[in-house]
Enquirer: 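Below is the structure I would like to discuss, written out as structure tokens.
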Amino acid sequence: MKLSKGSGSRQYMDSEATHLFISYATEDSTLASWIARKLAARGHAVWFDRMKLLGGEPWPQTIDDAIKNRTFRMLALLSKDSLRKPGPTGERTLAQKLAEQRKVQDFMIPLKADSTELDWLTTSVSFISFEKSWADGWRALLKKL
């Protein structure tokens, strides 16, 4: 998805943002890594901090830039940990804002990792469940993509 300059602001276009961004809490890194590796093995461009960030990078700015400029869909791993932590919550909030601005209803695809109640950002969005079976969640995610 390409960004072009216009009237002093950046406008969203459809050609440069090719990545699936994976948002997660560190406690869910095993599932997040599993999903990232499986997607990459299928040829998807994946933005996953453990695969993309190098030492010394300013991670909040790098993540913000990745979501705004490189991401065509965010896969938001939802769990009791990700719903209470500021990092994943901020990423989901940014994704919701971008979805509204870009008029892309499914910019954020929630992936439910456990039985926790969803937060106010995600209660109105349908999710893909990885709660009982990673294999079932994986199949549902592939159908969505």
Side-chain angles (χ1 to χ4, degrees), residues 1-3 9-145:
M1 319 242 167
K2 194 184 240 172
L3 293 170
S9 66
R10 299 176 90 172
Q11 295 181 3
Y12 184 75
M13 311 287 279
D14 278 347
S15 69
E16 220 170 86
T18 57
H19 286 70
L20 293 166
F21 183 98
I22 299 179
S23 173
Y24 70 102
T26 55
E27 292 82 356
D28 302 315
S29 63
T30 301
L31 176 56
S33 295
W34 183 80
I35 292 169
R37 285 186 171 85
K38 289 191 68 81
L39 288 168
R42 291 183 55 86
H44 293 279
V46 177
W47 204 101
F48 179 58
D49 64 350
R50 294 184 181 213
M51 292 169 32
K52 293 290 184 180
L53 287 177
L54 304 173
E57 290 181 279
W59 66 266
Q61 297 87 349
T62 303
I63 288 173
D64 188 69
D65 178 67
I67 294 169
K68 289 178 179 175
N69 301 319
R70 297 187 208 160
T71 300
F72 82 95
R73 293 292 181 278
M74 174 187 282
L75 304 178
L77 214 57
L78 304 176
S79 69
K80 68 179 181 343
D81 296 305
S82 72
L83 293 175
R84 67 176 174 81
K85 289 190 154 196
T89 299
E91 292 166 2
R92 290 191 310 276
T93 302
L94 177 57
Q96 292 288 75
K97 180 180 169 188
L98 292 172
E100 290 171 16
Q101 289 174 352
R102 298 173 182 176
K103 299 185 183 350
V104 179
Q105 286 184 323
D106 61 351
F107 182 77
M108 182 178 70
I109 302 169
L111 309 178
K112 196 165 185 242
D114 61 23
S115 61
T116 195
E117 291 289 320
L118 299 181
D119 65 358
W120 66 271
L121 275 175
T122 52
T123 54
S124 64
V125 180
S126 61
F127 59 84
I128 295 172
S129 179
F130 281 77
E131 183 181 350
K132 294 181 180 154
S133 167
W134 287 12
D136 290 345
W138 174 248
R139 283 189 288 278
L141 178 57
L142 289 181
K143 283 182 187 175
K144 175 64 181 172
L145 297 176

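Fair warning: this is a prediction, and the values are worked out from it, not measured in the lab. Sequential numbering from 1 along the given sequence is applied to the chain's residues.
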Enquirer: When rounded to the nearest 0.5 angstrom, what is the spacing between CD in Glu100 and CD in Gln105?
Expert: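 With rounding to 0.5 Å, CD (Glu100) is 11.0 Å from CD (Gln105).
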Enquirer: Let me have the donor-acceptor pairs involving side chains of residues 21-28, under 3.5 Å, with sequence neighbours excluded, atom names and distances please.
Expert:
| from | atom 1 | to | atom 2 | distance (Å) |
| --- | --- | --- | --- | --- |
| Ser23 | OG | Glu91 | OE1 | 2.6 |
| Tyr24 | OH | Asp49 | OD1 | 2.6 |
| Tyr24 | OH | Asp49 | OD2 | 3.4 |
| Tyr24 | OH | Arg50 | NE | 3.1 |
| Thr26 | OG1 | Lys85 | NZ | 3.4 |
| Glu27 | OE1 | Lys85 | NZ | 3.1 |
| Glu27 | OE2 | Lys85 | NZ | 3.0 |
| Asp28 | OD2 | Ser79 | OG | 2.4 |

Enquirer: For residues Asp114 and Leu78, determine if any side-chain heavy atom of one lies less than 4.5 Å from a side-chain heavy atom of the other.
Expert: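 The answer is no; the side chains never approach within 4.5 Å.
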Enquirer: With a 4.5 Å heavy-atom cut-off, do Ile128 and Lys143 have their side chains touching?
Expert: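 Not in contact.
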Enquirer: Check this for me: does any side-chain nitrogen of one of Asp64 and Lys68 sit under 4.0 Å from a carboxylate oxygen of the other?
Expert: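 Result for this pair is yes, salt bridge flagged.
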Enquirer: Cation-pi between Arg102 and Phe107: NZ/CZ under 6.0 Å from ring centre and within 45° of the ring axis?
Expert: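 Output yes; distance and angle both within limits.
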Enquirer: Should Arg42 and Leu142 count as side-chain neighbours, where that means a heavy-atom distance under 4.5 Å?
Expert: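 Side-chain contact under 4.5 Å: yes.
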Enquirer: Are side-chain heavy atoms of Ile109 and Met74 found at a separation under 4.5 Å?
Expert: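 No; the side chains remain at least 4.5 Å from each other.
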Enquirer: Give the minimum heavy-atom separation between Thr30 and Trp134, together with the two atoms involved.
Expert: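 It is CG2-CH2, 3.9 Å.
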Enquirer: Of all heavy-atom pairs between Ala32 and Phe48, which one has the smallest distance, and what is that distance?
Expert: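 Scanning both residues, the minimum pair turns out to be CB-CE1, 3.6 Å.
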Enquirer: Do you know which two heavy atoms are closest between Ile35 and Trp138, and how far apart they sit?
Expert: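 Scanning both residues completely, I find the closest heavy atoms to be O-CZ3, 4.2 Å.
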Enquirer: Any heavy-atom pair between the side chains of Leu75 and Val46 that's under 4.5 Å?
Expert: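 Not in contact.
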Enquirer: Taking the side chain as every heavy atom from C-beta outward, state whether Thr18 and Arg70 have any atom pair closer than 4.5 Å.
Expert: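 Answer no - side chains too far apart.
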Enquirer: Indicate yes or no: at least one non-hydrogen side-chain atom of Trp47 is less than 4.5 angstrom from one of Ile63.
Expert: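 Side-chain contact under 4.5 Å: yes.
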Enquirer: Do Leu20 and Thr71 touch side chain to side chain, with heavy atoms closer than 4.5 Å?
Expert: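 Result no, sub-4.5 Å side-chain heavy-atom pair not found.
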Enquirer: Just verifying a value: how many Å separate Arg84 CZ and Thr116 OG1, rounded to the nearest 0.5 Å?
Expert: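 With rounding to 0.5 Å, CZ (Arg84) is 10.0 Å from OG1 (Thr116).
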Enquirer: For the side chain of Arg73 and the backbone of Asp106, is there at least one donor-acceptor N/O pair under 3.5 Å apart?
Expert: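 Yes; at least one donor-acceptor contact below 3.5 Å.
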Enquirer: Test Leu83 against Thr89 for side chain to side chain contact (heavy atoms under 4.5 Å, CB included), laying out the working first.
Expert: CA-CA 6 Å; Leu83 293 175; Thr89 299; 5.8 Å; no
Enquirer: Ignoring hydrogens and angles, tell me if any N or O in the side chain of Arg92 forms a donor-acceptor pair with the backbone of Gly87 under 3.5 Å.
Expert: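 Not confirmed, Arg92 side chain does not pair with Gly87 backbone.
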